[in-house]
Amino acid sequence: MSTLIAAAVIILIASTVHAVTGFGYALVATPLLALTVDPHTAVVATTMSALAMTITIGVRQRHHAEWKVALVAMAGIVLGMPLGLWVYGVTSERVLTALIGIGVLGCTVMVWRRVKVHGNVPILVGVGLISGALSTSTGTNGPPMVAAFQGMGYDPHKFRATLAAVFAGTSVLSLIGFAVAGQVNSEALWIGVIGLPVVQLGWYAGNAVFSRIDPDRFRKVVLVSLLVSAAVTLASALNG
């Protein structure tokens with residue numbers, strides 16, 4: 001019960017951050033859940049609860065999404081997922097924990113430096129490939145897409161809605177891959193079920209903040225949170 005309560009709190013925080021920024025759910029949830037349950041379960045549970053979050057945003061903000069761009073990115077994601085599943089299956093819990101921490105740290109730097117790319121088809125497919133591999137190996141698939149959409153100059157509403165469309169598709173494909181690989185356990189299922197109502201609370205809280213808070217100030221808060229998550233996760237891997 002204590003594990004499920006901790007997971008609910010983590011999901012609430014992650015979904016609130018995601019509702020405000022359009023990304024960051026897995027970056028916040030995966031490393032923190034990895035401290036509550038084993039890293040493999042954390043990746044699957046994050047993917048399950050993230051699907052509820054992205055569908056919520058995708059449905060509510062669907063008129064802002066660039067669906068053609070999302071579909072091109074998804075093509076690359078499909079190509080990258082088998083590589084991520086292989087990494088997920090062959091790594092130990094300690095190595096996977098370290099990979100999650102390193103991934104979060106690297107992604108934080110990308111967001112902090114506002115890395116930008118051109119939004120043409122080859123770049124979107126390439127970025128999708130990296131995102132797909134990250135999705136099925138560490139559950140932290142967001143930053144490559146974030147960098148791409150930042151580079152395309154999307155306004156906040158279009159940015160958040162298009163990311164949600166991509167992430168919803170990624171989560172569905174990742175869960176199918178995990179199920180086929182026999183990686184979905186009862187603990188991950190329970191956390192996913194608990195996440196269904198919790199992400200709705202996170203959506204309302206985050207969306208209220210979305211229209212009120214200064215974006216630059218909140219971005220700094222998100223970056224500090226990600227740095228703390230990366231540091232705690234890496235420390236856990238080193239001491240494991």
Side-chain angles (χ1 to χ4, degrees), residues 1-15 17-18 23-54 80-108 130-143 167 170-199 202 225-240:
M1 181 61 69
S2 60
T3 297
L4 294 179
I5 293 174
V9 173
I10 291 168
I11 290 171
L12 179 60
I13 295 171
S15 57
V17 169
H18 191 108
F23 67 97
Y25 185 92
L27 291 174
V28 174
T30 303
L32 295 179
L33 283 174
L35 301 176
T36 305
V37 295
D38 68 271
H40 287 81
T41 298
V43 172
V44 177
T46 296
T47 304
M48 294 183 67
S49 54
L51 178 59
M53 181 74 252
T54 54
M81 282 184 164
L83 174 60
L85 278 173
W86 176 78
V87 173
Y88 178 87
V90 302
T91 54
S92 66
E93 291 187 3
R94 184 174 183 180
V95 171
L96 190 59
T97 301
L99 286 175
I100 293 172
I102 293 170
V104 172
L105 187 59
C107 293
T108 303
I130 297 171
S131 182
L134 289 172
S135 174
T136 50
S137 59
T138 68
T140 55
N141 63 317
F167 293 160
T170 302
S171 296
V172 170
L173 293 174
S174 295
L175 287 174
I176 292 173
F178 289 139
V180 170
Q183 300 289 352
V184 180
N185 58 37
S186 59
E187 194 167 31
L189 285 172
W190 272 112
I191 294 174
V193 169
I194 287 174
L196 291 175
V198 174
V199 296
S225 300
L226 295 178
L227 282 171
V228 171
S229 293
V232 171
T233 307
L234 287 172
S236 176
L238 291 174
N239 296 327

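A distance of 11.0 Å separates CD1 in Ile176 from OG in Ser171, rounded to the nearest 0.5 Å. Summarising the geometry, atom CG belonging to Leu85 is positioned 10.5 Å from atom CG belonging to Leu173; distances are rounded to the nearest 0.5 Å. Rounded to the nearest 0.5 angstrom, Phe167 CZ and His18 NE2 are separated by 6.0 Å. Distance check, rounded to the nearest 0.5 Å: CD1 of Ile11 to CG of Leu33 gives 6.0 Å.
Judged as a side chain to side chain contact (heavy atoms under 4.5 Å, CB included), and not counting sequence neighbours, the contacts of Ala98 are Ala237. For Ser49, the side chain to side chain donor-acceptor pair (under 3.5 Å) test picks out Tyr25, with sequence neighbours left out.
The closest side-chain heavy-atom distance from Met81 to Thr170 is below 4.5 Å.
Scanning all heavy atoms of the two residues, the minimum distance from Ile191 to Ala45 falls at CG2-CB, 3.7 Å. What you find for Leu175 and Val44 is that their closest heavy atoms are CD2-O, 4.3 Å. Here the closest non-hydrogen pair linking Ala133 and Leu83 is CB-CD2, 4.2 Å. Here the shortest heavy-atom pairing between Met53 and Ser15 reads SD-CB, 3.3 Å.
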Kindly list each side-chain donor-acceptor pair under 3.5 angstrom involving residues 36-43, sequence neighbours excluded, with atom names and distances?
from, atom 1, to, atom 2, distance (Å)
Thr36, OG1, Leu32, O, 3.3
Asp38, OD1, Thr41, OG1, 2.7
Asp38, OD2, His40, N, 3.2
Asp38, OD2, Thr41, N, 2.9
Asp38, OD2, Thr41, OG1, 3.2
His40, NE2, Tyr88, O, 3.2
Thr41, OG1, Asn185, ND2, 2.9

